[in-house]
Each structure stands twice: as structure tokens, then as C-alpha cells.
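Take a look at the structure set out below.
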Number of protein chains: 2
Amino acid sequence: MAQENVPSKDHWLSIGEIAARSGVAASALRFYEDQGLIHSRRTSGNQRQYQRSTLRRVAFVQAAQRVGLALSEIKQALDSLPDDRTPTRADWSRLSKSWRSRLDQRIAELERLRDDLDGCIGCGCLSLQRCNLYNKSDRLAERGPGARILNVGIPGESTAPGVGTRL
Amino acid sequence: MAQENVPSKDHWLSIGEIAARSGVAASALRFYEDQGLIHSRRTSGNQRQYQRSTLRRVAFVQAAQRVGLALSEIKQALDSLPDDRTPTRADWSRLSKSWRSRLDQRIAELERLRDDLDGCIGCGCLSLQRCNLYNKSDRLAERGPGARILNVGIPGESTAPGVGTRL
DNA sequence: ACCAAGGTTCAAGGGGACTTCAGGTCTTGC
DNA sequence: GCAAGACCTGAAGTCCCCTTGAACCTTGGT
């Protein structure tokens, strides 16, 4: 654990180093690689070597996960970065710009939720018919959280029960 | 005015009704019940009957999930509500207050994330060692793998063109 | 040369949040 | 009084995101 300050451009990092620095377990990194979120080259002895920029990719994955995105989506975003060369400032900038809107969206959503909570449940009002929480969260939650994302399942399931609104 | 305001206190709802009005599948409701998030009594024929207030519990669950809380955590919050009687304004108020701070926390977190993204990744800086994104995303803030927040509500929105390899 | 630390693959396991299925029961409307 | 539809249970299946384990190979320091 030395020399991390040395900006040697072609300093490749082992999986253990990436793990240590990103805080992500090596097993998770291998998993990410399987999923195509990160990439490595191999040493003659078949051990993984990552570019430094991988750290940033991993950080991005973590960040995106915190926002609630699935790995498959994150992969899509990362796919827009060049594999062949280290991403430039512009590359990341472009990517981050598009994600900012997602973040903003999500933040707005949470703020709305908070306000609704204060205004509706918080006040204990019983007029749930006009409650934002309800009107928001019913259709909003297409298919509950948990694991799957949009695409999965949702066979002819009824849902959208006319939004009873009447509690 | 509305008939449904008539305080027929003992109007119990079937699981199908709860499902229709909350937009949550009956199977999910049974699951929630298994997990102790909601409760029911049974008819002589062993079918579930829920109090109206269950709708609010379910709404709360949905809302909390959107914030990224795990069911177990949500259960803890709900456990502070009385089982035996319909929660009062004060009950909900107490609960929502504690929850609000979580929401605020989470919102702040996302804002920080957004700013970091702009400031660190966005700018393409290479000083990842001091990068907030890194120092932040280390394990402790996260409650581990498992419940992921789902990003619903942006079905058509396809951020990454994907095809062009450029975002 | 040796050995421990760190890596590799592949397979299976696990937690969270549900859904689906099979087979049987209850309720309701005609 | 009967068929259709709603509901019940328990077990198994699914998705996602990893972790753990077994068995073996590579690297690096003394």
C-alpha cells in the first residue's frame, strides 16, 4: 500500500486493490465484470488487471445504485463510455449530465413524498381520498419494488383498479 | 356528504378490496401480513378482513419502499402503531415525524451525490483519493445488498441512446 | 525453495420481495 | 341450490445482487 500517489499512467490495479479502494468486495467486482459493468485485462498468470478509470466506473455504479437504479441500467449508461481508451473529462461529463436529471427527478420525488407525508399522513387527516400519497403511490409503483424492473412479468395483471380513491 | 364518510366503524375490507384500492397485489398483501406489516382478522370461513386503516399502512409501506427502506425497517416503524385500535392522528404523526428525518437524510444524501457527481466525476478530476463519491459510498451508509430502490415512473424515458455509444 | 497471501473458476447458497401454482374452500348472484 | 368467482394454504419459482465454498493456480518475500 504505497505509491498510490504516483500517477503512472499505465499502472494497472489488481482486483484486491480495486476492492480496497472502492470498498466493493472482490466478489462483487467479479460479478460486475461478468455483467459487463467493468472490464479488465489479464496478466500472464490470468489475474485481472484494471485500469485506474475502473475506480471511477465502480464509484459510478455505487452512486447509481444509491439512486435506485438497477445494474442493467447502469450498464447501459456505462456502455456509453469508451472501452478502448480512458474516458475523458468530456465522456464523464456527458454521462453525468444525463444522470443528473435522474437524480434531480428522484430528489424531487422524495421531496414530494416528504411533503405529502407531512400534509396527509402527518396531519392524520382522514380524507385519504385526496391524499397525494395514495394517488401517487398507486400507479407510480407499477409493480412493487424489490427486485425486478419494468420489463419483467406484469402479465395481464389487473392493477389500475380505477384507483378506488375511496378509503 | 359522501356516504363513505359514514362512520360505519366496522366496515372491514376483503383482501381483494384492499388490493384494488391500494394497487398492491393480493399476494403481496398476504406476504406483508406474513411479515407482520399488516394484520387481519378472519371471517368464519377463514377469509381475511382488514380494517380501513390497513389501507394507510399499505400506503405507508409503499411510500417507505420508494424511499429505499427495507420491509423489515418499515415494519419497525409500523410496530409503533397500535394493533388493537385504529391509529390516531397522534400515532401517525409520531411515526411520520421520525420518518421525515429519514427522508430528509436520504434527500440530503442524494443531493450530495448529485453535487459530487457534478463536482468530481462531472469535472473529470483524477484525484479520486479525495473524491467525495468514494469516501461516501463505502459500505457503512448502505444497508447492504438486498432491497433496491426501484426506478419506476420513467418508462418511456430512455436516457441513453445506447446505440450510438455516445451519450 | 517455500509458503502464505492473494487470484481463478464454477457452482451453489442466500436475502429481499414477491409471484405462480396446485388443489381445495367460501361467498355471491341468479 | 348451484356455478362462477373470490379466497385459502403451502411450496416452489423468479429476479436481482451478491457471497461462500471448493479446489486449484500465481505472486512475492524471506
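Note: hydrogens, waters and symmetry copies are ignored here, and every other heavy atom, side chains too, is used.
For the pair K75(A) NZ and dC16(D) P, the computed distance is 14 Å after rounding to whole Å. Between the P atom of dT9(D) and the CZ atom of R30(B) lies a distance of 7 Å, rounded to the nearest Å. Between the P atom of dG5(D) and the CD atom of E17(B) lies a distance of 18 Å, rounded to the nearest Å. A straight line from CD of E33(A) to C1' of dC10(C) spans 15 Å, rounded to a whole angstrom. One interatomic measurement links the two molecules: OH of Y50(B) to C1' of dC7(D), which rounds to 11 Å at whole-angstrom precision. The separation between D34(B) atom CG and dT9(D) atom C1' is 10 Å, rounded to whole Å. Rounding to whole angstrom units, CH2 of residue W12(B) and P of dC7(D) are separated by 16 Å. Between F31(B) atom CZ and dT19(C) atom P the separation is 9 Å, expressed in whole Å.
Ion pairing between D34(A) and R30(A) fails under the 4.0 Å rule for side-chain N and carboxylate O.
When each of dT27(C), dT19(C), dG7(C) is scored by its nearest atom to the side-chain atoms of I15(A), the top-ranked nucleotide is dG7(C). When distances run from any side-chain atom of R42(A) to the nucleotides dT8(C), dA17(C), dT9(D), the shortest one goes to dT8(C).
Looking at S22(B), its side chain does come within 3.5 Å of a backbone N or O of I18(B) through a donor-acceptor pair. R57(B) places a side-chain N or O within 3.5 Å of a backbone atom of L37(B) that can act as its donor or acceptor partner.
Distances shorter than 4.0 Å separate none of the side-chain N or O atoms of S14(B) from OP1 or OP2 on dA6(D). For the OP1/OP2 pair of dC18(D) and a distance below 4.0 Å, the side-chain nitrogens and oxygens of Y32(A) include at least one atom meeting the criterion. Contact check, S27(A) against dT20(D): no side-chain N or O comes under 4.0 Å of OP1 or OP2.
H39(B) approaches Y50(B) most closely through the heavy-atom pair O-CD2, 3.2 Å. Residues G36(B) and K75(B) come closest through the heavy atom pair O-NZ, 3.9 Å.
Nearest-nucleotide mapping onto DNA chain D: of N46(A) and Q49(B), the residue sitting toward the 5' end is Q49(B). With the nearest nucleotide of DNA chain D identified for both Q47(A) and Q35(A), Q35(A) has the one nearer the 5' end. Positionally, the nearest nucleotide of DNA chain C for S72(B) lies more toward the 5' end than for the other of G45(B) and S72(B).
Note on R48(B): only backbone sugar-phosphate atoms sit closer than 4.0 angstrom, heavy atoms only; bases stay farther off.
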